[in-house]
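Let me begin by presenting the structure, written as structure tokens, before commenting on it.
Order of appearance sets the numbers: ligands from 1, and atoms from 1 within every ligand.
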Amino acid sequence: MDKVVVVTGASAGIGAERARQLAAGGGAKVVLAARRQAELAAVAEGLGDRAFAVVTDVTKRGDVERLARKAIERFGRVDVWVNNAGRGISRSVAELTDEDLDAMWTVNMKSVVYGIQAVLPHFKAKNAGQIINISSGLSRAPLAPVRAAYGAVKGAVNLLTASLRVELKVTHPGIQVTLVLPGVVATEFGLNSLGVGIVDNRKLPGAQSVEDACKAIVDVIESPKPEAYTSGFIADVVARYLREPEVVEGEIASRLR
Ligand code: NDP
């Protein structure tokens, strides 16, 4: 895969593993972005000169614009931009604070808009490129009500992604826009979440391995499509919820009782 791929949230978890899979065997060139310099450098060092790390806080528009500039300076172009950085929260709807809502919106939604706007002029100039936004199965079904604010913001990302796709179909049909929806993936995501009753995703029954989840993301780069779930399991759960919401909500509630 001779592509230049920018991945945000690449110091750990899904982003780091995706970068490893993309660069494996002399494949893609990857530009890695996250806040923690040491962790980011460790991932980049393992990938040799095909990787380039740029310390970036995706909640800052200026940082994300700098990331796009640095990526183009280093490799001459960007082919794929993955808005992957994100953070969860565990807090019941009744107890959400203004700070919680602002944090979710900033890290999960504004960051995606910053990424899109930073790379879009470059993609438009060549009428080519791919934007991949990482959402969540929780954006489509209340499987974990305590993650309501997170799922709601990821739902906003879904509509933003679809709207951008339609917009570009009209003006720049060479640009692909893809939404990826993971289910539970065994990363430190749960530990990094805000809120109460933090769980370690890696210990949740049925958690998908990070390697497996990333294969689905690498696949959508090789064969672009509008959207993809990382596992058949989460795709089936969401499809069933959309078919029979009351039944599934009843099942979720009885598990939580
Ligand atoms: P992790 O918590 O393991 O990793 C999160 C990554 O995002 C880290 O590299 C972190 O790096 C980075 N990050 C967090 N905040 C910022 C910031 N402000 N600026 C730049 N980078 C940031 O999570 P996952 O790898 O599991 O999650 C990746 C994506 O997948 C997220 O969008 C998440 O919502 C989504 N997802 C995950 C699921 C799961 O079960 N794991 C399920 C569904 C969706 P650093 O701290 O160095 O900045």
For E246, is the CD atom crowded, meaning more than 12 foreign heavy atoms sit under 6.0 Å from it?
no

Within the structure, does P182 bring an N/O atom to less than 3.5 angstrom of an N/O atom in ligand 1?
no

When you measure from atom 42 (C) of ligand 1 to every protein heavy atom, which one gives the shortest distance, and what is it?
G183 O, 2.9 Å

What do you reckon, does R87 have a nitrogen or oxygen under 3.5 Å from a nitrogen or oxygen of ligand 1?
no

Using distance alone, determine whether I14 and ligand 1 share an N or O pair under 3.5 Å.
yes

Taking the inter-plane angle between the rings of F189 and Y150 on a 0 to 90° scale, is it parallel (under 30°), tilted (30 to 60°) or perpendicular (over 60°)?
tilted

Would you mind listing which atoms of ligand 1 come within a distance below 4.0 Å of any non-hydrogen atom of V184?
40 (O)

Could you work out, for atom 44 (C) of ligand 1, the closest of G86, A10, S135 by heavy-atom distance?
S135

Close approach of E188 to ligand 1, heavy atoms, under 4.0 angstrom:
yes

Which residue supplies the protein heavy atom nearest to atom 32 (O) of ligand 1, what is that atom called, and how far is it?
N84 O, 2.7 Å

protein heavy-atom neighbour closest to atom 22 (C) of ligand 1 works out as A85 CB, 3.7 Å

Which ligand 1 atoms, with their elements, are less than 4.0 angstrom from a heavy-atom of N192?
1 (P), 2 (O)

Nearest protein heavy atom with distance in Å, relative to atom 14 (C) of ligand 1
R35 NH2, 3.5 Å

Check contact between K154 and ligand 1, using heavy atoms of the residue and a distance below 4.0 angstrom.
yes

Between S11 and ligand 1, does any nitrogen or oxygen pair lie at a separation below 3.5 Å?
yes

Contact (N/O only, under 3.5 Å) between V58 and ligand 1
yes

Starting from atom 26 (O) of ligand 1, find the nearest protein heavy-atom neighbour and note its residue, name and distance.
T187 OG1, 2.6 Å

Assess T8 for proximity to ligand 1: is some non-hydrogen atom of it under 4.0 Å away?
no

Based purely on interatomic distance, does S136 place a nitrogen or oxygen under 3.5 Å from a nitrogen or oxygen of ligand 1?
no

Atom 20 (C) of ligand 1: which protein heavy atom is closest, and how many Å away?
T56 O, 3.3 Å

Atom 12 (C) of ligand 1 has as its nearest protein heavy atom G9 CA, 3.5 Å

Taking only heavy atoms of N201, which atoms of ligand 1 are found under 4.0 Å from at least one of them?
39 (C), 40 (O), 41 (N)

In the protein, which heavy atom is nearest to atom 34 (O) of ligand 1, and how far is it?
Y150 OH, 2.5 Å

Could you establish whether G88 and ligand 1 come within less than 4.0 Å of each other, counting only heavy atoms on the residue side?
no

So, is V107 polar-close to ligand 1, with some N/O to N/O distance under 3.5 Å?
no

